[in-house]
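Quick caveat, the model's predicted, so the values are computed rather than measured. Computation of the quantities below employed the complete heavy-atom set of this structure, encompassing side-chain atoms and omitting hydrogens, waters and symmetry-equivalent molecules.
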Amino acid sequence: MTEHTPQPPAEAAGGSGPSARREPRNEPAGTAGADGMESAGLHPAGFDREAFLTAMASRRSLASSGDEAPDDQELARLLRAVAPVADHAGLRPWRFIALRGDDRKALGRAFDDATGTLSDDPSVYSRRPLRSPLLLALVGVHRPHPKVPEWEQHASAAGAGHLLSLALWAAGWAVHWRTGPLVRSEPVRRLHGLSEDEVLMGWLYIGRPDPQRARPKPRELDVDAVLSRLPAPQPPLRAQD
């Protein structure tokens, strides 16, 4: 997704403009550009970068319990935190549907309707929406655009789902993004009122963390396995005789 990052204002000594000489700044290791982010208004004053990174790294998919979930007012506040998600051309190609109370039972019945060949006991699926007091269905919306293909719009929708899960986590809620074999079944699509240009990308199961469930271990990342450079240039192929 294409994004344009605002550049911090130039800091010059003895003048302004592109030709002005900039004096070097002595910054502690790992904080280069931090003052520029604050002066540009991109980070609020007192922003704790380490706490932010620690909170991100601590996120887990957790089961929830009880009937407590964010109310509509808190949910709206957390949704506003999703606004900066990468979104080429600002299409906002996603939306959420909240399922509470009996709406979760309706989803269970839709699961029953769709599980004819998936399980000898459809109720195994129909009980699943009752695991959390609030489900948020993530819907990817394809908005035809000459420069933004469908896959890129779905990537933005997935980013919105993950960003919201981080916001919920930071607010103290357990979140588990669930999909499964029924997510694109016709009864489930019909229940959510999806159009032909929309695809269901799963549900965020939300509630208070279940104290009886084991906590997943932190995930370690082998950075060398996922970060690399471009491959070495290959010699051109010789023309065939």
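In terms of hydrophobic clustering, with Ile, Leu, Val, Met, Phe, Trp and Tyr side chains grouped at heavy-atom distances under 4.5 Å, V175 and V85 are assigned to a common cluster. W169 is not connected to Y205 by any chain of hydrophobic side-chain contacts under 4.5 Å among Ile, Leu, Val, Met, Phe, Trp and Tyr, and they are in different clusters. When hydrophobic clusters are built by joining Ile, Leu, Val, Met, Phe, Trp and Tyr residues whose side-chain heavy atoms come closer than 4.5 Å, directly or via intermediates, W151 is not grouped with V148. Taking hydrophobic clusters as Ile, Leu, Val, Met, Phe, Trp and Tyr residues chained together by side-chain heavy-atom distances below 4.5 Å, W94 does not share a cluster with L91. When the side chains of ILVMFWY residues are joined at heavy-atom separations under 4.5 Å, either directly or via intervening members, I206 and L62 end up in two distinct hydrophobic clusters.
Under the rule for a side-chain hydrogen bond (donor to acceptor under 3.5 Å, both in side chains), the partners of R100 that lie at least two apart in sequence or sit in another chain are D72.
Checking S132 against W203 by side-chain atom types alone, no donor-acceptor pair falls below 3.5 Å.
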(message) side chain to side chain contact (heavy atoms under 4.5 Å, CB included), that's the test. Do R104 and R131 meet it? Break it down for me.
(response) CA-CA 9 Å; R104 299 170 302 151; R131 291 173 174 175; over 6 Å; no
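Counted within 6.0 Å of CG on D67, heavy atoms from surrounding residues, nucleotides or ligands total 12 or fewer; the atom is thus considered open. Counting non-hydrogen atoms of other residues, nucleotides and ligands closer than 6.0 Å to CZ of F52 gives a total of 12 or fewer. When the shell of 6.0 Å around CZ of R143 is examined, it contains more than 12 heavy atoms from other residues, nucleotides or ligands.
To the nearest 0.5 Å, the span separating CG on L163 from CG on L79 amounts to 10.5 Å. If you take OG on S165 and CG on L204, they are separated by 6.5 Å, rounding to the nearest 0.5 Å. A distance of 15.5 Å separates CZ in R59 from OG1 in T54, rounded to the nearest 0.5 Å.
Closest approach of D210 to S65, counting heavy atoms only: CA-OG, 3.6 Å. Considering all non-hydrogen atoms of both residues, A63 and R213 come closest at CB-NH1, 3.5 Å.
Not a single donor-acceptor pair under 3.5 Å links the side chain of H192 to the backbone N or O of L194.
The aromatic rings of F111 and Y125 stand perpendicular to each other, their planes meeting at an angle above 60°, with 30° marking the opposite boundary.
Salt-bridge formation is detected for the pair E198/R95: a Lys NZ or Arg NE/NH1/NH2 atom is positioned less than 4.0 Å from an Asp or Glu carboxylate oxygen.
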